[in-house]
Number of protein chains: 2
Amino acid sequence: MSSIEVVSPTIEEYLEAIYRLEKKKGSAKTGDLAKELNVALGTITNTIESMEKQNFITHKPYKGVNLTKKGRKIALDVVRRHRLSERLLTDVLHIDWSKTHDAACKLEHAIADKDIIKPLEKVLGKPKTCPHGNPIPSESGKVIEEKSELLANLGLGKEGIIVKVTDERPDMLQYLATLGLVPGANVQIEEKAPFNGPIIVKVMGASYALGRNVASVIWVKKNE
Amino acid sequence: MSSIEVVSPTIEEYLEAIYRLEKKKGSAKTGDLAKELNVALGTITNTIESMEKQNFITHKPYKGVNLTKKGRKIALDVVRRHRLSERLLTDVLHIDWSKTHDAACKLEHAIADKDIIKPLEKVLGKPKTCPHGNPIPSESGKVIEEKSELLANLGLGKEGIIVKVTDERPDMLQYLATLGLVPGANVQIEEKAPFNGPIIVKVMGASYALGRNVASVIWVKKNE
DNA sequence: AATATATATACGATGAATCGTACTTTTATT
DNA sequence: AATAAAAGTACGATTCATCGTATATATATT
């Protein structure tokens, strides 16, 4: 059987957040978790402790939290449900990609049942990624991560296709969408100002100056 | 503004259950609630007490619980979300109507946001009823209940169109579907055995003997 | 090396939702 | 009217998730 363990929505949220932070920084610090989950630090300590007892994570004080095999399995399932929820919201309900994250955070816990998630995946056409370009883990927990590099690191004159956008803030996503900076779009570096100044990119014929912070959430696959 | 008050999923469940029982029996007894919500009797007493303090319900011991105006408003919103969820599950995800109830009980709490429920309603084509035929309350809380009578009470030889089925048990719904006893179907009473015996009905050319308990969850609109 | 900052823990407390057992009151049955 | 059955309440206890304040420890900065 090896079906996935059922845990509370809270623990699912924690596992998901740890997964994200682990991916981004290698491990999840309690402070980052507190910010991500919007709870007090002491709460993190408490919950982390109980999660370690249940063998979902390991915690080395001051070094951060990491998922165990058992924890990762659940986390991947939550991420899978989250990203399929986002696809449902954009592809079926035609909701803007800037609004999907928060809604998906609630939906993901309501579609854990196999009888729901499988038909959902099928109806959506087995999408490989969420609307922001992040891969959707398979039922068995496989993640196919497309190789890509930061737009901010792309050399002058180089061009590539946007693969994913790693920022969920609605205002940021709205901004990117108005410029056409969405997965699939072709971008070219026209200029890179020194001292970490803005980057001028060309998208669909138009040129825009992007701050480095913006260029650091966009991942592209370089055209060779 | 007059937007709908936000309460916990638990309270939403209670309000929804009270709404159903009120509709069926005029009021909700604590015992019925305990069965409906699968919790201990004492738990009902506790929660009921706090809900009465918050003015969601009134409770006359041994007489039952009833919704206040405030409570009914929330209850109708929950029912609306529940039934739209069921439509999503059947119409979009093509899930069998026998499985939608339990799944919708979870989904209903995840789609409370106006930004989600409005697009959902629109995509579904503003359906008037859930897959079982129960009316979907409007955004403002209006319920348009189609006049109907129990199949069990229909006279010999009379015929009508099934309007709704008021039973959520998966096995019952599966059984009804195999006989074609679904909303919209035309049925005719061919025979009524005495002493509350079975009723023979004709559906789509075929005849079936139904127990009274089955004929008492099917509501029809008589053809005049 | 000293100090400031970031990171983490301890501890006491709260509220929501739940349980189970014992007890009480009302309604139904004989 | 007596009694059995159904309905409801009281009460003590538990678990989960949370808070805030105070304190401790480690890492980074000067």
Side-chain angles (χ1 to χ4, degrees), chain A residues 5-18 20-22 24-67 71 74-75 78 105-106 108-110 112, chain B residues 5-18 20-22 24-66 71 74 78 105-106 108-110 112:
Chain A
E5 196 160 343
V6 175
V7 297
S8 71
T10 302
I11 300 302
E12 286 196 350
E13 287 289 328
Y14 274 69
L15 287 169
E16 192 185 9
I18 294 164
R20 284 179 204 282
L21 288 168
E22 211 180 44
K24 205 197 292 185
K25 310 187 173 182
S27 75
K29 302 288 180 68
T30 55
D32 291 340
L33 281 170
K35 269 175 221 154
E36 188 92 1
L37 296 167
N38 264 304
V39 296
L41 252 174
T43 306
I44 300 291
T45 303
N46 280 350
T47 310
I48 284 304
E49 196 188 340
S50 109
M51 287 174 75
E52 192 164 28
K53 271 189 201 132
Q54 290 171 80
N55 249 298
F56 294 140
I57 55 165
T58 57
H59 180 211
K60 289 186 191 140
Y62 303 97
K63 296 299 176 185
V65 169
N66 283 93
L67 295 168
I74 303 174
V78 179
C105 279
K106 293 172 194 162
E108 68 195 18
H109 307 297
Chain B
E5 196 159 344
V6 175
V7 297
S8 72
T10 301
I11 300 301
E12 286 196 350
E13 286 289 328
Y14 274 68
L15 288 169
E16 191 185 8
I18 294 164
R20 284 179 204 282
L21 289 168
E22 210 180 44
K24 204 198 292 186
K25 308 186 174 182
S27 75
K29 301 288 180 70
T30 56
D32 291 339
L33 282 170
K35 268 175 221 154
E36 189 92 0
L37 296 168
N38 264 306
V39 297
L41 251 176
T43 306
I44 300 292
T45 303
N46 280 349
T47 310
I48 284 305
E49 195 188 340
S50 109
M51 288 175 75
E52 191 165 28
K53 270 189 202 134
Q54 290 170 81
N55 249 299
F56 293 142
I57 55 165
T58 57
H59 181 211
K60 289 186 192 139
Y62 303 96
K63 295 301 177 183
V65 168
N66 284 92
I74 303 173
V78 179
C105 279
K106 293 173 194 161
E108 67 194 18
H109 307 298

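None of these values were measured; they are calculated from a predicted model. By convention in this document, chain letters (A, B, ...) are assigned in the order of the sequence lines, proteins followed by strands, and residues within each chain are numbered from 1.
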- Message: Distance check needed: D:dT18 P versus A:L37 CG, whole Å only.
- Response: 8 Å

- Partner set under side-chain contact (heavy atoms from CB on, under 4.5 Å) for A:A75, not counting sequence neighbours: A:L15, A:Y19, A:L67

- Query: Under 4.0 Å between a side-chain N/O of A:S8 and OP1 or OP2 of D:dA17, yes or no?
  - Reply: yes

- A:L41 has an atom CG; how far is it from atom C1' of D:dA22, in whole Å? 13 Å

- Query: Mind checking which nucleotides bracket the chain B contacts on DNA chain C, 5' to 3', with an atom under 4.0 Å from a heavy atom?
  - Reply: C:dA17 to C:dT27

- Give A:T43 one of three labels, base, sugar-phosphate or nothing, depending on what nucleic acid heavy atoms sit under 4.0 Å from its own. base

- Is B:T45 touching bases, backbone alone, or none of the nucleic acid, heavy atoms closer than 4.0 Å? base

- Partners passing side chain to side chain donor-acceptor pair (under 3.5 Å) against B:T47 (at least two apart in sequence or in another chain): B:Y14

- Query: Using the C1' atoms of five pairs at each end, what's the angle between the two axes of the helix from C:dA1-D:dT30 to C:dT30-D:dA1, to 10 degrees?
  - Reply: 10°

- Can you name the residues that form a salt bridge (Lys or Arg N to Asp or Glu O under 4.0 Å) with A:E13, not counting sequence neighbours? none

- With side chains defined as the heavy atoms from C-beta onward, is the minimum distance between A:I18 and A:M51 less than 4.5 Å? yes

- Message: For A:E49, give me all partners under salt bridge (Lys or Arg N to Asp or Glu O under 4.0 Å), at least two apart in sequence or on another chain.
- Response: A:K53

- Pairing residues for A:E36 by the salt bridge (Lys or Arg N to Asp or Glu O under 4.0 Å) criterion, not counting sequence neighbours: none

- Apply side-chain contact (heavy atoms from CB on, under 4.5 Å) to A:A110 and list each qualifying residue two or more places apart in sequence or on a separate chain. B:K106, B:L107, B:A110

- Message: D:dA7, OP1 or OP2 - any side-chain N/O from B:T30 closer than 4.0 Å?
- Response: no

- Task: Please list all pairs passing the side-chain hydrogen bond (donor to acceptor under 3.5 Å, both in side chains) test where one or both residues lie in residues 54-66 of chain A, with sequence neighbours left out.
- Result: A:E22-A:N66, A:S50-A:Q54

- Task: Please state how far atom NZ in B:K29 lies from atom P in D:dA6, giving the value in whole angstrom units.
- Result: 13 Å

- Query: Which residue lies toward the 5' end of DNA chain D, B:A28 or A:A40, if each is placed at its nearest nucleotide?
  - Reply: B:A28

- Could you check how far CG of B:D32 sits from C1' of D:dG8, rounded to whole Å? 13 Å

- Task: Could you state the atom-to-atom distance from CD of A:E12 to C1' of D:dC16 in whole Å?
- Result: 15 Å

- Message: Which heavy atom of B:L33 sits nearest to which heavy atom of B:A17, and what is that distance?
- Response: CD2-CB, 3.8 Å

- Query: Does D:dT18 have OP1 or OP2 sitting under 4.0 Å from an N or O in the side chain of A:Y14?
  - Reply: yes

- Item | Those residues that, when tested against B:K25, pass salt bridge (Lys or Arg N to Asp or Glu O under 4.0 Å) (two or more places apart) | B:D32

- Query: So how far is it from A:I11 CD1 to A:I57 CD1, rounded to the nearest 0.5 Å?
  - Reply: 9.0 Å

- List in numerical order all residues of residues 46-63 of chain A for which some heavy atom is under 4.0 Å away from an atom belonging to DNA chain C. A:H59, A:P61, A:Y62

